[in-house]
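See structure below.
Numbering of ligands and ligand atoms starts at 1, following listing order. Basis for what follows: all heavy atoms, side chains included, without hydrogens, waters or symmetry-related copies.
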Amino acid sequence: MIRLAVAGAAGRMGRCVLELASRDPRFEIAAAIDRDAERTFPACDVLIDFTDADGTMAWIDMCERRRVSMVIGATGHDELQFARIAQAAEVIPIVKAANFSIGMQVVLNAVGRIAKELGEEYDIEIVETHHRHKIDAPSGTALTVVDQIKQSRDRQGADEPGAPPVIGGVASPLVGGTKVVFGRHGKVGKRPKGQIGVHAVRMGEVVGQHEIHFSGPGETITVRHAAQSRETFAAGALRAATWVVGRPPGLYSMPDVLAEE
Ligand code: NAD
């Protein structure tokens, strides 16, 4: 049995993971930890982190010291926090994904291919919608979509290295040379070729929705993914947890998990 710890246990995702794991004979719940329990850490094989970017930093130290594998579902990490995760992955195995749903992995593959085939004649706009409680924007999934498109463009040499991305007027370390605009406001001028627009909508209790629009001469393609229940993320995180235990140190992704099962 896999001894499982869940950080962020009182949150929406943490509760869902615990609920699924408690019905799954592969897991023994060793710890359900929220903010006030940071100093206690029981013996366990893997920790699933659904806290937030700062929470990851608190738990990654602990996991590294105790050689506990990690599944990181929390999002919103900045460049330094990403670097810390990569550093810890030299010591322990870590699966990190901004979106653990299986359907989103299919979407990510599809949008990379579509962007590559359509080229820069087609404008790309990403619209993500989440519940009113979400604290980071845009979503980690939207950033992963940007990354996927950027990689597919890089492969065909369409990217322009050195061109600073525009993120509310601040260059982002996350998107390399791709011209990304996070929302638009004021006299923004004509849309430049190759730009990717990213927009975050926050309302009600929407679990998570992503629309990726590709618009060119006389046509628009829209790829849409809507999560109706948090179970889809929780099940993916548990799948990653069973996969990561016993792996060599490294920073793994959901495609790694799915490829080797
Ligand atoms: P939430 O606010 O409902 O829950 C977060 C919980 O973490 C809270 O109970 C909070 O008290 C706790 N917490 C914060 N810091 C902590 C710490 N240092 N130690 C222990 N507990 C701590 O948020 P949520 O909707 O459950 O989402 C959690 C995270 O997961 C967010 O970053 C969200 O973007 C991300 N998320 C990822 C996926 C995915 O598939 N990867 C899916 C949904 C949400």
Using a strict cut-off of less than 4.0 Å between a Lys/Arg side-chain nitrogen and an Asp/Glu carboxylate oxygen, indicate whether Arg224 and Glu211 qualify as a salt bridge.
yes

State the atoms of ligand 1, each with its element, that fall below the 4.0 Å cut-off from a heavy-atom position in Gly55.
18 (N)

Mark up the atoms of ligand 1 that fall under 4.0 Å of a heavy atom belonging to Gly8, in ascending order.
6 (C), 7 (O), 12 (C), 21 (N)

Heavy-atom contact under 4.0 Å between Ala98 and ligand 1?
yes

Using a 3.5 Å cut-off on N or O atoms only, is Ser101 in polar contact with ligand 1?
no

Do the side chain of Ser22 and the main chain of Glu19 share a donor and acceptor less than 3.5 angstrom apart?
yes

Over 12 non-hydrogen atoms of neighbours within 6.0 angstrom of CZ in Arg23:
yes

For ligand 1, which atoms, with element, lie under 4.0 Å from some heavy atom of Ala10?
9 (O)

Would the distance check show the side chain of Thr220 and the main-chain N or O of Gly216 forming a donor-acceptor pair, the cut-off being under 3.5 Å?
no

Any Arg230 heavy atom less than 4.0 Å to ligand 1
no

Within the distance-only criterion (no hydrogens, no angle test), does the side chain of Asn109 pair as donor or acceptor with the backbone N or O of Val106 below 3.5 angstrom?
no

Nearest non-hydrogen contact with atom 28 (C) of ligand 1 belongs to which option: Thr51, Asn99, Thr141?
Thr51

Between Lys179 (side chain) and Lys193 (backbone), is there a donor-acceptor pair under 3.5 Å?
yes

For ligand 1 and Asp34, I'd like to know whether there is a polar contact (N/O to N/O, distance under 3.5 Å).
yes

Do any nitrogen or oxygen atoms of Phe233 come within less than 3.5 Å of a nitrogen or oxygen of ligand 1?
no

Do Arg84 and Gln87 have side-chain atoms, one donor and one acceptor, less than 3.5 Å apart?
yes

Determine yes or no for a side-chain-to-main-chain donor-acceptor pair under 3.5 angstrom, with Arg12 supplying the side chain and Arg230 the backbone.
no

Got a donor-acceptor contact below 3.5 angstrom from the Glu128 side chain to the Ala142 backbone?
no

So the atoms of ligand 1 within less than 4.0 Å of a heavy atom of Phe100 turn out to be 39 (C), 40 (O), 41 (N)

Any N or O of Thr75 that comes nearer than 3.5 Å to an N or O of ligand 1?
yes

Side chain or backbone, does Met13 bring an N or O within less than 3.5 Å of an N or O on ligand 1?
yes

Whether Ala97 lies under 4.0 Å from ligand 1, heavy atom:
yes

Evaluate Gly14 for polar contact with ligand 1, using N/O atom pairs at a separation under 3.5 Å.
no

Give the numbers and elements of all ligand 1 atoms closer than 4.0 Å to a heavy atom of Trp59.
17 (C), 18 (N), 19 (N), 20 (C)

Could you tell me whether the side chain of Arg15 and the main chain of Ala10 form a donor-acceptor pair under 3.5 Å?
yes

